[in-house]
Amino acid sequence: MDRTDLQASKWQAVSRVVLGYAVFAALWILLSDEAILLFTQDAQRIVQISQYKGWAFVAITSALLAVLMERQWRRHNAAVTQQLEASALLHYIADSSEDAIFAKDLEGRYLLFNRAAAGFVGKPAEQVIGRDDGAVFPPEQAQMLRDTNRRILEHGEIEKLEEVIQTTRGTTTFAVTKGPLRDPQGRIIGTFGISRDVTEARRAEAAIAELAYHDQLTGLPNRFLLEDRLHQALASATRSGRYGAMLYVDLDHFKRINDSYGHGAGDEVIREAARRLSSHVRQGDTVARIGGDEFIVLLPDLAPTEAGAGALALTLGHKLRELLGAPMQLSALQCTTSASFGITLFPRAGNGQADLLREADIALYRAKDGGRNALTLFSQDMQNHITERFALEQDLRGALAAGQLQLWLQAKHDRQGRGCGAEALLRWQHPTRGLVSPALFIPIAEEAGLIADIGHWVMREACELMAREQAAGRSLALAVNVSPRQFQQGEFVQRVKRVLQDTGADPRLLTLEITEGLLLEHTELMLQRMEALAALGLRFSLDDFGTGYSSLAYLKRLPLQELKIDRSFVRDLPADGNDCALVTAMTSLAHHLGFTVVAEGIETPAQQAFLSQLGCDVFQGYLHHQPEPAAAWLARRAAAGG
Ligand code: C2E
Ligand code: MG
Ligand code: MG
């Protein structure tokens, strides 16, 4: 009932009172002696009538009162019927809903309990109405529901919440709206609630979250969840001032497991590695899988000092490395792998999540570079090195076009001291750094994908020199270094053929120096390419022999003519007994297979004497010739008569 209704009913009451009085007055006047006299002019009648006057008055007012009471009673009756109809309607609507709908009085006794609610608790509404939660739910849940009720009665506000309740459907999650029940005057007379079963929706959400934040193969957190945890770890470390660590773990040569035993075995190894890593960390730590064979172990809150955290991280890292290195029993076979670890600590001023990952990655790269199965703790020196390397890479991108690359030559000679060509060695004349060694920039060129073009330039330069010397009647044999990445380029054979055609250089005077790394991947394809080039007349030399992952079996299969004993074996000759034994064995093996043996890095007469006496065929080293710019070298050679 709104304000205008209230006012209207007031005026209605007033007008009724006025009307009542008007009727009363009219009757009074009508029945007064004077009036009767006026109408009848008969004194006798006056006496008669006045005898009934009182009775008539009573009868008429009673009749009036009766009429009024009847009207009032009818009105009341209509209101009760209306209420009854409304309540039936409310029940009908409530029962049509799939949501549980209920209302309770101030004591928590149910006033309304719809069909869906009855279905959830497995009791008909009649057994619930008039009773409280204690009669419907187990004690703990009843208490929880009572607490919510009390809160709503206290605050008088509508609340939206989630309740987990045991129902006939099992553990059920409800999204609930509860609020105070008020009478038309706004007084709180109880509570009401509407509960929707959202169990399936929550389950689906949880499944989606699981998919979005976890790795399918291992069930570990994925990169997204890791980022979240990292964010929290960094924030809490910055707040508390306590140090934590991040370990970047990468399985060594994982690709080989996949290639050799298949992806199924690879997956098993990943799962087992995940299990081993997870089994040895504390509850609050995170082990996440962020790539094929890459894991992150996040160890927040390790120690109050950086040094302490570093020591603990290294200790745990060593433990994890040992664990991952232990043999793994897969379903079909046993396999052993190892892992490398890059570690960084936090918090460090100005360091965000991305910085941490980058630092751990740099440290990991170092661990891998140092021979794998190792642990490296990130240091600022590493960062400087990486920054420097990046700067070099940027400069290297423009070096070829800017004409900063030069070809230098280092002569070789045979046992009789006769010159037998030279090795072409690249130099980079950097505008500010001066002459940069290929040992520094070739690996960068390989990683930056620049080696194919740079290598091609060297090949063309070398062939042009050979062709020019040939034309001048001085045949020149040159050895060109070819990096594995360059050789692996699909176009490699075609490009070499084209250079030979374009320049007219004699292929038989061109030697390609390859390293053992070339055969690590796509071995058969590499062999085919070598054979295709050998068929043109080119020679192959195995450079840096003994430093890589040689398989002696390949030596027999490769179309090789020459083997170069690496400088590292020559350096300590003849003092170092081990090196003497190794070089002796290598020379004998190479000769046995019919290869020419070249010894490089000869700096002393003692080395030269030892290698000569061993029977090495060709010699290269500072003792005889330093590398020098090609033009100067050729001019000297021409002056000496070829
Ligand atoms: P490498 O092919 O083993 O070349 C021999 C290296 O030993 C050269 O270093 C040479 O200057 C150096 N050397 C020769 N005799 C001595 C000696 O008596 N003592 C000492 N200490 N060193 C000596 P360089 O020119 O710095 O080249 C380093 C490496 O860079 C080469 O090793 C080769 O692997 C690579 N490289 C050079 N030029 C090229 C190129 O054009 N392409 C590719 N892919 N790699 C190249
Ligand atoms: Mg070489
Ligand atoms: Mg070498």
Side-chain angles (χ1 to χ4, degrees), residues 392 396 399-400 404-413 420-430 433-466 477-489 492 495-496 499 510-518 539-548 560-573 586 596-608 610-611 616 618-630 633:
L392 266 183
L396 190 57
L400 196 55
Q404 292 166 1
L405 296 185
Q406 302 173 356
L407 201 65
W408 286 36
L409 297 175
Q410 184 182 29
K412 297 182 284 185
H413 66 85
C420 47
E423 177 174 6
L425 295 165
L426 198 49
R427 295 289 178 267
W428 177 14
Q429 185 65 54
H430 190 279
R433 295 171 197 261
L435 215 53
V436 184
S437 156
L440 187 66
F441 73 83
I442 290 289
I444 298 177
E446 285 182 331
E447 268 182 29
L450 302 169
I451 193 65
D453 287 345
I454 291 179
H456 186 65
W457 179 84
V458 172
M459 191 79 72
R460 186 166 281 276
E461 284 287 299
C463 287
E464 274 171 5
L465 288 183
M466 285 161 64
L478 283 185
V480 170
N481 292 285
V482 179
S483 99
R485 293 264 176 101
Q486 183 187 352
F487 204 99
Q488 280 157 4
Q489 301 285 317
F492 182 71
R495 287 182 104 174
V496 174
V499 168
L510 180 62
T511 299
L512 301 189
E513 293 194 5
I514 56 163
T515 54
E516 293 149 302
L518 175 66
R539 299 173 79 248
F540 278 99
S541 170
L542 191 61
D543 204 355
D544 307 340
F545 182 67
T547 58
L560 285 178
Q561 281 79 31
E562 183 180 291
L563 202 140
K564 289 184 92 168
I565 295 173
D566 191 64
R567 205 168 72 214
S568 57
F569 299 106
V570 173
R571 192 180 53 223
D572 298 327
L573 293 180
M586 283 184 219
T596 302
V597 178
V598 181
E600 64 179 4
I602 302 166
E603 293 181 351
T604 66
Q607 288 166 347
Q608 174 66 47
F610 183 84
L611 291 161
C616 285
V618 177
F619 307 91
Q620 179 182 352
Y622 293 172
L623 177 68
H624 309 290
H625 301 281
Q626 295 265 349
E628 58 185 318
W633 190 88

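Every number for a ligand or one of its atoms is a count from 1 in the order of the listing. Numbers for residues simply follow the sequence, beginning at 1.
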For Ile602, the atoms of ligand 1 under 4.0 Å from one of its heavy atoms are 18 (O)
Does any N or O of ligand 1 fall below 3.5 Å from an N or O anywhere on Leu623, backbone included? no
Quick look: Pro627 vs ligand 1, heavy-atom contacts under 4.0 Å, and the answer is side chain
Among Asp544, Leu542, Asp543, which residue satisfies the side chain to side chain contact (heavy atoms under 4.5 Å, CB included) criterion with Ile514? Leu542
For Glu446 and ligand 1, answer yes if some heavy atom of the residue is under 4.0 Å from a ligand atom, otherwise no. no
At the Mg ion (ligand 2), what is the angle formed between atom OE1 of Glu513 and atom OE2 of Glu423, rounded to the nearest 10°? 90°
Check each heavy atom of Lys564 against ligand 1 and say whether those closer than 4.0 Å belong to the side chain, the backbone, both or neither. neither
Heavy-atom nearest option to atom 15 (N) of ligand 1, drawn from Arg567, Gln620, Gln410: Gln410
Between Leu425 and ligand 1, find which residue part has any heavy-atom pair under 4.0 Å and reply side chain, backbone, both or neither. both
Would you check whether Gln486 has a nitrogen or oxygen atom less than 3.5 angstrom from a nitrogen or oxygen atom of ligand 1? no
With sequence neighbours left out, what residues match Thr511 under side chain to side chain contact (heavy atoms under 4.5 Å, CB included)? Ala479, Arg539, Ser541
Just going by heavy-atom distances, which of Asp544, Ile514, Val458 is nearest to atom 41 (O) of ligand 1? Val458
Measuring from non-hydrogen atoms of Gln626 to any atom of ligand 1, is the shortest distance under 4.0 Å? no
Between Gln607 and Thr604, is there a donor-acceptor pair closer than 3.5 Å when you use the side chain of the first and the backbone of the second? yes
Atom name of the N, O or S atom in Asp543 that lies nearest to the Mg ion (ligand 2): OD2
Atoms of ligand 1 close to Glu603 [distance to a heavy atom under 4.0 angstrom, numbered from 1]: 17 (C), 18 (O), 19 (N), 20 (C), 21 (N)
Enumerated ligand 1 atoms positioned under 4.0 Å from heavy atoms of Asp543: 1 (P), 2 (O), 3 (O)
Pairs where residues 479-488 contributes a residue and the test salt bridge (charged side-chain N to carboxylate O under 4.0 Å, His left out) is met, not counting sequence neighbours: none
Tell me if a side-chain donor or acceptor on Glu513 pairs with a main-chain N or O of Val482 at a distance below 3.5 Å. no
Could you name the option among Val480, Asp566, Asn481 that has the heavy atom nearest to atom 33 (C) of ligand 1? Asn481
